[in-house]
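Report on one structure; see the data block that follows.
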Amino acid sequence: MKKSKEKVGRNDPCPCGSGLKYKRCCLRKRKSDPDDLREQYWKRYKIRLKGPEDIAAIERAGRLVIETLDQVAQVIRPGMETEEINTLVHEFTLQHGARPAPLHYRGFPKSVCVSVNEVICHGIPGKRVLHDGDIVNIDVTSILDGYYADANKTYFVGTPGEDARKIVRVARECLFRGIAKVAPGNTLGDIGWAIQEYAEGEGCSVVREFVGHGVGFDFHEAPQIPHYGRPGEGVALVPGMVFTIEPMINLGGRELRVLSDQWTAVTRDGSLSAQFEQTVLVTEEGVRSLTPYGPDSDSTP
Ligand code: MF3
Ligand code: CO
Ligand code: CO
């Protein structure tokens with residue numbers, strides 16, 4: 001016997017009386033309800049969607065991250081030690097009422113990652129001296145009012161050679177091609193594929209061991225954002241997702257090695273590696289960067 005209180009099946013007529021199947025009618029509307037989506041993305045993927053106030057706060061943190069990068073850009077010059085960049089980032093961050101997220105994060109000893117030439121990421125600032133023709137990535141993550149924003153750029157030190165120009169151009173283009181794929185309905189695989197296809201088409205390689213990540217409430221949240229993949233695969237993007245895209249692109253092979261300091265990741269073949277990163281928000285319309293900079297902003301000599 002069928003009880004009157006029994007749950008409506010997906011294929012039953014919709015209780016609203018539309019004549020459509022439940023799954024084609026109100027079940028869909030229920031799923032597109034913001035609270036429902038929030039719950040689904042949490043349960044299925046451990047992804048924490050952000051609301052308007054969260055987004056505003058991450059954006060404030062993001063503005064500070066970009067201001068910090070702009071400060072660093074002004075002091076980069078041949079002959080300086082990378083330690084000097086750490087001091088600047090650390091003090092600038094505190095002066096603006098924020099904290100540098102890298103400091104003591106899983107034992108990281110400094111306030112910013114500074115990655116020179118063959119260093120892919122997680123370079124520890126210190127005695128290394130910048131030379132004319134080097135490339136240097138500065139990766140800043142700030143915590144402001146409890147919210148995280150994360151961005152990086154690769155800069156030229158003095159006058160770049162041909163290889164330096166190429167890898168920086170390709171890595172920057174990879175970031176913007178990835179961002180261009182961010183819109184509701186697209187998937188993480190669409191982002192990864194756009195990046196991989198372009199990088200490999202230019203004869204470069206995509207690092208696999210490090211990926212982008214959800215961000216905002218914490219430094220590294222779900223999901224992981226690979227910079228490689230296949231179109232249509234992976235989690236579908238929905239409004240309220242906030243994550244980084246941060247392709248690490250090598251001029252040679254994609255293989256890496258981590259130095260004995262347990263942090264510094266370098267290309268196995270010693271080739272140049274460059275990276276650009278932004279924190280982006282999926283909106284109803286598409287995408288909005290919370291750490292915005294354009295494709296033409298600095299490191300273009
Ligand atoms: N900012 C890096 C990222 O983009 C993470 C650095 S972790 C640290 O995810 F400990 F090295 F700071
Ligand atoms: Co990041
Ligand atoms: Co970063």
Side-chain angles (χ1 to χ4, degrees), residues 47-48 50 58-59 61-70 72-73 82-83 85-90 92-93 98-116 119-126 128 136-144 147-155 171-172 174-175 178-179 182 188 191-192 195 206-227 241-249 256 258-266 273-281 289-293 299:
I47 294 172
R48 299 173 72 190
K50 276 73 179 178
I58 299 167
E59 200 160 28
R63 209 165 298 137
L64 177 59
V65 167
I66 294 300
E67 283 170 21
T68 309
L69 286 172
D70 289 345
V72 173
T82 56
E83 178 73 41
I85 295 168
N86 183 69
T87 306
L88 191 158
V89 169
H90 186 84
F92 190 82
T93 305
R99 283 189 301 130
L103 187 60
H104 304 143
Y105 176 78
R106 299 182 184 221
F108 191 79
K110 296 285 179 169
S111 297
V112 59
C113 296
V114 179
S115 303
V116 183
V119 179
I120 294 169
C121 64
H122 302 165
I124 302 172
R128 185 163 179 171
V136 59
N137 178 278
I138 312 295
D139 190 345
V140 174
T141 311
S142 303
I143 314 168
L144 185 62
Y147 286 90
Y148 292 69
D150 187 7
N152 74 48
K153 289 187 194 182
T154 302
Y155 297 95
R172 184 197 291 111
C174 281
L175 170 63
I179 293 177
V182 178
L188 292 180
I191 298 173
I195 292 168
V206 177
V207 170
R208 310 290 174 111
E209 288 83 350
F210 300 103
V211 294
H213 50 92
V215 67
F217 299 131
D218 208 340
F219 201 162
H220 295 110
E221 303 175 22
Q224 297 196 351
I225 314 289
H227 305 109
M241 281 175 79
V242 175
F243 54 83
T244 72
I245 303 178
E246 48 179 301
M248 282 147 267
I249 308 298
L256 62 75
V258 176
L259 301 188
S260 58
D261 62 21
Q262 304 291 319
W263 281 102
T264 314
V266 300
S273 183
Q275 182 184 24
F276 287 83
E277 172 178 34
Q278 292 192 28
T279 294
V280 299
L281 163 71
S289 179
L290 304 181
T291 53
Y293 59 81
S299 74

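FYI, the numbering just counts along the sequence from 1. Both counts, for ligands and for their atoms, begin at 1 and track the order of listing.
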When the ring planes of F219 and Y105 are compared, do they come out parallel, tilted or perpendicular, using 30° and 60° as the limits? tilted

- prompt: Between the side chain of K110 and the main-chain N/O of F108, is any donor-acceptor distance below 3.5 Å?
  reply: no

In short, P100 meets T93 closest at the heavy-atom pair N-CG2, 3.6 Å

TODO: Please find out if the Co ion (ligand 2) and some N, O or S atom of H213 are separated by less than 2.8 Å.
DONE: yes

Requested in this report: Examine distances only and state if a side-chain atom of N152 and a backbone atom of E277 form a donor-acceptor pair shorter than 3.5 Å.
Outcome: yes

Report for the Co ion (ligand 3), protein N, O or S closer than 2.8 Å, by chain and number, lists D139 OD1, D139 OD2, D150 OD1, E277 OE1

Practice task
Verify the distance criterion only: is there a donor paired with an acceptor across the side chains of E246 and H227 at less than 3.5 Å?
Solution key: no

Check against side chain to side chain contact (heavy atoms under 4.5 Å, CB included), W263 and C113: CA-CA 10 Å; W263 281 102; C113 296; over 6 Å; no

The answer, listing residues by chain and number that come under 4.0 Å of ligand 1 through any heavy atom, is P102, Y105, F108, C113, H122, D139, T141, D150, H213, F219, H220, E246, W263, E277

Describe, in one word, how the ring planes of H122 and F210 are oriented to each other, choosing from parallel (under 30°), tilted (30 to 60°) and perpendicular (over 60°). perpendicular

- Message: Checking the side chain of K153 only, and the main-chain atoms of D70 only, is there a donor and an acceptor separated by less than 3.5 Å?
- Response: no

**Asked** If only atom types and distance count, is the side chain of N137 paired as donor or acceptor with the main-chain N or O of Q275 below 3.5 Å?
**Response** yes

The side chain to side chain contact (heavy atoms under 4.5 Å, CB included) partner of D150 among L290, T244, T291 is T244

